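The structure presented is a predicted model; accordingly, all values stated were derived computationally and were not measured.
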Amino acid sequence: MNSTGHLTSERPERARPTPHSLTGVGVAVLDDSGRVLLGLGHDGRWELPGGKVDPGESFETAAARELAEETGLSVPATAVRVLAVVVDGLRGLTRVTAAAVTEGAEGTPGVTEPDKIVRWEWFARDAVPSALFGPSASVLDCVWPETAPRGAAETHHYPVRPAG
């Protein structure tokens with residue numbers, strides 16, 4: 001507070017801190033058979049739809065938006081459930097990823113970003129490839145915790161309690 005008792009603006013480094021982290025969402029899209037949708041990246045690793053959360057956007061909204069942008073599939077944000085928040089610090093950057101899941105997506109998956117994904121495929125739980133993008137592996141660990149861990153050991157999972 002200043003001498004007149006009014007709040008002053010925050011210090012510049014607090015108002016706009018230097019970024020040291022990336023906030024994103026990975027969404028496991030399950031079909032009626034319980035299979036999960038994965039995209040083959042150009043680096044040979046498979047990944048879930050997902051990406052960065054835009055400023056002011058909820059994890060659920062970001063998941064629905066990224067799903068539509070990357071695959072052409074659509075779900076309402078209300079059909080997305082966040083299971084956990086996953087934190088890792090690989091390569092010196094704190095990465096915070098919401099592990100989300102949805103079912104009943106409408107449409108047929110297609111490659112809308114050919115610079116990122118070669119093709120989309122559905123996989124049964126026991127047929128998921130081992131070559132997975134790290135955050136996607138961690139999201140799958142939250143979706144199917146009874147399966148052998150796929151994500152990195154130095155990843156921290158914070159389960160989200162259902163509302164109500």
Side-chain angles (χ1 to χ4, degrees), residues 21-90 93-113 116-164:
S21 67
L22 175 68
T23 302
V25 61
V27 59
V29 181
L30 304 178
D31 70 3
D32 294 338
S33 301
R35 299 178 303 169
V36 68
L37 183 66
L38 294 171
L40 177 61
H42 291 283
D43 63 358
R45 294 184 298 172
W46 292 87
E47 62 186 77
L48 296 167
K52 294 179 191 144
V53 176
D54 289 339
E57 192 174 41
S58 71
F59 288 131
E60 295 87 350
T61 300
R65 177 184 51 75
E66 288 286 350
L67 179 62
E69 288 175 2
E70 294 183 3
T71 70
L73 295 174
S74 65
V75 303
T78 55
V80 176
R81 283 185 305 123
V82 175
L83 303 175
V85 174
V86 179
V87 179
D88 71 56
L90 303 176
L93 178 71
T94 301
R95 190 166 37 194
V96 179
T97 305
V101 64
T102 191
E103 299 177 56
E106 293 186 11
T108 301
V111 176
T112 61
E113 297 177 332
K116 296 178 183 174
I117 297 295
V118 176
R119 69 180 182 274
W120 292 101
E121 286 187 36
W122 295 98
F123 290 92
R125 181 186 312 205
D126 60 357
V128 169
S130 60
L132 290 168
F133 175 58
S136 294
S138 294
V139 169
L140 289 175
D141 287 344
C142 297
V143 174
W144 295 319
E146 65 282 357
T147 308
R150 296 177 167 97
E154 59 274 6
T155 300
H156 306 283
H157 296 233
Y158 299 91
V160 174
R161 285 189 226 143

Side-chain heavy atoms of T155 within contact of H157, under 4.5 Å: yes
Test item: E57 side-chain N/O and D54 main-chain N/O as donor-acceptor pair under 3.5 Å: yes
Student check: side-chain heavy atoms of Y158 and V87 closer than 4.5 Å: yes
For F123, all residues meeting ring-ring contact (aromatic ring centres under 6.0 Å, His included), sequence neighbours excluded: W46
Closest non-hydrogen atom pair between V160 and A84, with its separation: CG2-CA, 3.7 Å
Non-hydrogen side-chain atoms of L67 and V29 separated by less than 4.5 Å: yes
Min side-chain heavy-atom separation E47-L38 under 4.5 Å: no
Sub-4.5 Å side-chain heavy-atom contact between W122 and S33: no
Rounded distance (nearest 0.5 Å) linking atom CG of L30 with atom CZ of R125: 9.0 Å
Whether T112 side chain and E69 backbone form a donor-acceptor pair below 3.5 Å: yes
Test side chain to side chain donor-acceptor pair (under 3.5 Å) applied to R81 - qualifying residues, sequence neighbours left out: none
Contacts of T78 that satisfy side chain to side chain contact (heavy atoms under 4.5 Å, CB included) - sequence neighbours left out: P76
Side-chain (D31) to main-chain (R35) donor-acceptor, under 3.5 angstrom: yes
Shortest non-hydrogen separation from V86 to A99 and the atoms involved: CG2-CB, 4.3 Å
Short side-chain to backbone donor-acceptor contact, E70 and G50, under 3.5 Å: yes
Ionic contact status for E121 with R119, cut-off 4.0 Å: yes
Closest non-hydrogen atom pair, V25 against V53: N-CG2, 4.2 Å
Side chain to side chain, T97 and V139, heavy atoms closer than 4.5 Å: yes
Point-to-point distance, once rounded to the nearest 0.5 Å, from OG1 of T147 to CG of L140: 8.5 Å
Short side-chain to backbone donor-acceptor contact, T94 and G89, under 3.5 Å: no
Any donor-acceptor N/O pair, T71 side chain to G110 backbone, under 3.5 Å: no
Whether over 12 other heavy atoms sit under 6.0 Å from D43 CG: yes
Student check: side-chain heavy atoms of V96 and V85 closer than 4.5 Å: yes
Distance, nearest 0.5 Å, that separates OG of S138 from CZ of R95: 8.0 Å
Straight-line distance of L40 CG to I117 CD1, nearest 0.5 Å: 7.0 Å
Where T102 and A79 come nearest, the two heavy atoms and their spacing: OG1-O, 2.9 Å
V75 and V27, any side-chain heavy atoms less than 4.5 Å apart: no
Step-by-step side chain to side chain contact (heavy atoms under 4.5 Å, CB included) determination, L37 to L48: CA-CA 7 Å; L37 183 66; L48 296 167; over 6 Å; no
NE2-NZ distance between H42 and K116, expressed to the nearest 0.5 angstrom: 10.5 Å
From L83 atom CG to R161 atom CZ, the distance as rounded to the nearest 0.5 Å: 15.0 Å
For the student: nearest non-hydrogen atoms of V143 and A28, plus distance: CG2-CB, 3.7 Å
Nearest atoms (heavy-atom pairs only) where G24 meets F59: O-CE2, 3.9 Å
